[in-house]
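First up is the structure itself, then whatever we jot down about it.
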Amino acid sequence: DLGQATLLWPRSERTEEMDAFRVASRRGLGRAAPFDEEVRFLRPDATPAWAVVQALPDFDEAGCFVGYVGTITEITERRLVAEELARHRDRLGELVAERTAELERTHERLGESGRLAAVGTFAAGIAHQINNPVGGILLAAQYAKNRPQDPGTVAMALDHIVADARRWGRILRGVVQ
C-alpha cells in the first residue's frame, strides 16, 4: 500500500540502520541490481516497525535513474516473534547450562561418596585383618597367664603370640605400601 509506505518511509531514530539501508540501496543502484533489505522504521506515532524493502532501480530510455520499483512488506510481527523466540532460546540455554553445572556438581559429590565408601570398605577390611591376629595374641596371652606353672603351655602361647605379631606386621606393611 503506497499510502502506508509513505508513512513509514524512511524515518528511524537509529542512524546506523538508515545508513545500512542507504548503502544497500546505493549498491543496488550502482549494479543496476535489485536489493532486499530488512529495515526498522518509525510509524507516524513513533512506534517501531520492521519492513522488508525489495526494490529494483528503474532507469529511463536514456539510462538515467528515475527511481525504484519494488515493495515494502511489513514484518513487525515476524520480527517480534523471532525476538521472543531468541529470548526463549537464550533462557533455555541458560537453563541447560545451570542444569549441566548442577549435574556436574552431583557427579563430583557421587564420586566423593564412592571414594569415601571405598575408604570405609578398605578400613573395615584392615580392621578385620588386624583384629584376627590381635584376638589370637590376646587369647594366647590369657592362656599363658592362666597356666604360669606349665612352661610348655607358656612357650606354646608365646610362639602363637610371636606368629600373630608377625602376621600383624605383614598386614601393616601391606597397608603402608
Side-chain angles (χ1 to χ4, degrees), residues 8 11-24 27 35-43 45-54 73-177:
L8 291 172
R11 297 175 34 206
S12 177
E13 76 275 15
R14 298 180 181 171
T15 57
E16 66 275 1
E17 290 173 355
M18 290 309 300
D19 291 344
F21 174 76
R22 287 185 189 101
V23 167
R27 190 177 9 186
F35 71 93
D36 183 333
E37 189 74 21
E38 287 189 11
V39 184
R40 184 174 175 274
F41 291 106
L42 291 178
R43 293 184 176 116
D45 65 358
T47 60
W50 282 92
V52 173
V53 178
Q54 297 170 312
T73 307
E74 186 175 351
I75 59 165
T76 304
E77 188 173 331
R78 184 182 85 190
R79 286 294 296 242
L80 293 175
V81 168
E83 289 171 4
E84 182 71 16
L85 184 60
R87 279 192 296 278
H88 286 295
R89 183 192 62 237
D90 293 345
R91 179 63 184 137
L92 182 59
E94 292 170 4
L95 290 173
V96 167
E98 289 171 10
R99 184 66 176 135
T100 300
E102 185 180 322
L103 286 172
E104 287 172 353
R105 287 190 300 273
T106 300
H107 183 72
E108 288 174 13
R109 286 193 305 270
L110 182 60
E112 285 178 23
S113 295
R115 286 188 293 278
L116 288 175
V119 167
T121 301
F122 180 68
I126 290 173
H128 177 74
Q129 290 295 323
I130 290 174
N131 275 337
N132 285 341
V134 168
I137 290 171
L138 183 59
L139 184 62
Q142 287 174 342
Y143 190 70
K145 183 179 173 188
N146 290 338
R147 293 185 175 67
Q149 70 281 5
D150 185 0
T153 301
V154 171
M156 180 184 72
L158 289 174
D159 288 341
H160 283 301
I161 290 172
V162 169
D164 282 339
R166 287 187 177 138
R167 182 173 166 210
W168 194 26
R170 284 193 306 275
I171 292 169
L172 290 178
R173 279 192 299 279
V175 170
V176 171
Q177 293 173 353

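Note: hydrogens, waters and symmetry copies are ignored here, and every other heavy atom, side chains too, is used. In this chain, residues are counted from 1 in sequence order.
- We find the CZ-CD1 distance between Arg167 and Ile137 to be 10.0 Å, quoted to the nearest 0.5 Å.
- Using a distance-only test at 3.5 Å, with no hydrogens or angles considered, no donor-acceptor pair links the side chain of Thr153 to the main chain of Ala144.
- With contacts defined as side-chain heavy-atom distances shorter than 4.5 Å, the pair Val81/Glu84 does not qualify.
- Contact of the Asp36 side chain with the Val52 side chain is registered, since non-hydrogen atoms from C-beta on lie closer than 4.5 Å.
- Salt-bridge check for Arg78 with Glu38: passed, with a basic side-chain N closer than 4.0 Å to an acidic carboxylate O.
- Heavy atoms of other residues, nucleotides or ligands lying less than 6.0 angstrom from CD of Glu77 number 12 at most.
- Between Leu92 and His88 the shortest side-chain heavy-atom distance does not fall below 4.5 Å.
- In this structure, the separation between CG on Asp150 and OH on Tyr143 is 7.5 Å, given to the nearest 0.5 Å.
- If you take CG on Leu139 and NE2 on His160, they are separated by 9.0 Å, rounding to the nearest 0.5 Å.
- Considering CG of Leu85 and CG of Leu80, their distance stands at 12.5 Å, rounded to 0.5 Å.
- Residues Phe35 and Val53 are in side-chain contact: their nearest non-hydrogen atoms beyond the backbone lie under 4.5 Å apart.
- Between Asp90 atom CG and Leu95 atom CG the span is 11.0 Å, to the nearest 0.5 Å.
- Under a 4.0 Å N-O distance rule, the pair Arg99/Glu102 qualifies as a salt bridge.
- A salt bridge links Glu94 to Arg91: one of the charged nitrogens lies within less than 4.0 Å of a carboxylate oxygen.
- When every heavy atom of Ala140 is checked against every heavy atom of Ile161, the shortest pair comes out as CB-CG1, 3.6 Å.
- Using modelled atom types, one finds no donor on one side chain facing an acceptor on the other under 3.5 Å when comparing Arg79 with Thr76.
- Annotation: the span from Arg109 atom CZ to Thr106 atom OG1 amounts to 4.0 Å, rounded to 0.5 Å.
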